[in-house]
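A short write-up of the structure that comes next.
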Amino acid sequence: MNSSPAGVLVLAGTPIGDPADAPPRLGVELAGADVVAAEDTRRLRRLTQALGIEVGGRVVSYFEGNEAGRTPELVEALAGGARVVLVTDAGMPSVSDPGYRLVAAAVERGITVTAVPGPSAVLTALAVSGLPVDRFCFEGFLPRKAGERLARLREVAADRRTLVYFEAPHRIDDTLAAMAEVFGGERRAAVCRELTKTYEEVKRGPLKELAAWAAEGVRGEITVVVEGAPEPGPSQLSPADLVARVAVREAAGERRKEAIAAVAAEAGLPKREVFDAVVAAKHGRPPAGTEGPGAAGPGAGGPGSGAAG
């Protein structure tokens, strides 16, 4: 049995743009580490040169392609007493970057996991977006495939929290167009590009305008902040509108029960009301309560019975 004291895994935040944003402890940890696991060793070298830092221990690569295979090696080093510092290209490790596997494995072995807090593209974009910050949800990267992307967006269409996404520049136009389709073209958003870098830009506006702007081409690291769904009010949608929205969701692969719940949330209506509209449409009759003044009430004769209105 190994009697050596267990080591410590340090998740070290790195600048998202300006090297001067590096937390002071970053240099201390890099200099004192037994092992530094870096997403890109070349970028680590450029950062340490910019900060005048010398890495004291062994440097190994730890990125998406070798994360699964290298994790056991690093856990064994930790179990043997090593202090392992994990850094990614920018921001906090494990937040849409390599690191989760190593953290989970270290926790399972009872190894201490700590962090050097640093810059965050999520919080920086949220803060400068001009959108509500009291409640928010980080959604990471959306799926690359159009159908999967639409399905993921529909899952949060009625969420009233501000939503934060990462996106690649070559997909941002498609993503904003999909957001405008699902959330509505008037929903406010902010596209935050190259945060803290020389060409930092924050483009704010309705999703339909941002989608048109992005169609001309956008470059750089991108974070998108989207306003949450409005508070539900009296629905202006007709039963036919409700049925049509449910049908669109079903065609995209949602189960009817889920589609009805989502449409009800979007419209600010009880699920029963949307369900009744769908059932009525299926049987070719108007929903309950929409037949007009001449509607037959309980106990009255059915269609063609001649009962008085």
Side-chain angles (χ1 to χ4, degrees), residues 14-21 39-40 42-43 46 63-64 88-92 95-97 119-133 136-230 245 248-249 251-253 266:
T14 55
I16 60 175
D18 190 339
D21 291 334
E39 183 177 12
D40 187 325
R42 293 166 300 179
R43 292 187 68 160
R46 289 198 293 269
F63 59 98
E64 184 178 2
T88 55
D89 291 347
M92 182 60 65
V95 180
S96 284
D97 274 330
S120 164
V122 176
L123 295 180
T124 302
L126 183 68
V128 303
S129 69
L131 297 171
V133 299
F136 71 94
C137 177
F138 174 55
E139 286 286 306
F141 284 94
L142 285 165
R144 291 179 172 84
K145 294 183 179 179
E148 294 175 3
R149 182 167 55 233
L150 288 171
R152 182 74 59 81
L153 290 172
R154 290 188 184 107
E155 290 176 4
V156 295
D159 197 322
R160 288 193 280 279
R161 296 173 295 178
T162 299
L163 304 170
V164 184
Y165 295 88
F166 287 161
E167 192 49 279
H170 62 279
R171 290 197 300 268
I172 186 62
D173 54 342
D174 289 337
T175 290
L176 290 171
M179 287 177 171
E181 177 184 342
V182 175
F183 298 155
E186 296 302 323
R187 182 87 69 92
R188 294 185 301 162
V191 178
C192 305
R193 187 180 71 85
E194 295 290 89
L195 288 170
T196 77
K197 299 178 184 177
T198 302
Y199 297 104
E200 174 179 296
E201 179 181 22
V202 179
K203 189 77 172 177
R204 305 176 181 89
L207 280 169
K208 64 180 181 182
E209 293 183 9
L210 292 175
W213 164 76
E216 299 177 4
V218 180
R219 300 176 64 183
E221 301 284 340
I222 297 170
T223 305
V224 182
V225 186
V226 185
E227 181 181 32
R245 291 194 173 199
V248 168
R249 287 178 170 274
E266 292 170 3

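- Listed by chain and residue number, E194, K197 satisfy the side-chain contact (heavy atoms from CB on, under 4.5 Å) test with E221 (two or more places apart in sequence, or in another chain).
- In terms of the salt bridge (charged side-chain N to carboxylate O under 4.0 Å, His left out) criterion, residue partners of E167 (sequence neighbours excluded) are, by chain and number, R171.
- Applying the ring-ring contact (aromatic ring centres under 6.0 Å, His included) rule to pairs touching residues 169-222 yields nothing, sequence neighbours excluded.
- Pairs of residues two or more places apart, or lying in two chains, that qualify as side chain to side chain donor-acceptor pair (under 3.5 Å) and include a residue from residues 142-159 are D159-R161.
- Annotation: side-chain contact (heavy atoms from CB on, under 4.5 Å) contacts of T14 (sequence neighbours excluded): L26, L47, V87.
- With sequence neighbours excluded, the residues that form a side-chain contact (heavy atoms from CB on, under 4.5 Å) with D173 are A214.
- Residues V224 and T175 are not in side-chain contact: their nearest non-hydrogen atoms beyond the backbone lie 4.5 Å or more apart.
- Annotation: salt bridge (charged side-chain N to carboxylate O under 4.0 Å, His left out) contacts of D18 (sequence neighbours excluded): none.
- Not counting sequence neighbours, S120 has no partner by the side chain to side chain donor-acceptor pair (under 3.5 Å) test.
- Residues satisfying the salt bridge (charged side-chain N to carboxylate O under 4.0 Å, His left out) criterion with R43, sequence neighbours excluded, are D89.
- Taking S96 as the reference, F138, F141, F166 meet the side-chain contact (heavy atoms from CB on, under 4.5 Å) condition, with sequence neighbours excluded.
- For residues 176-191, the set of pairs meeting the side chain to side chain donor-acceptor pair (under 3.5 Å) definition, not counting sequence neighbours, comprises E186-K208, R188-E227.
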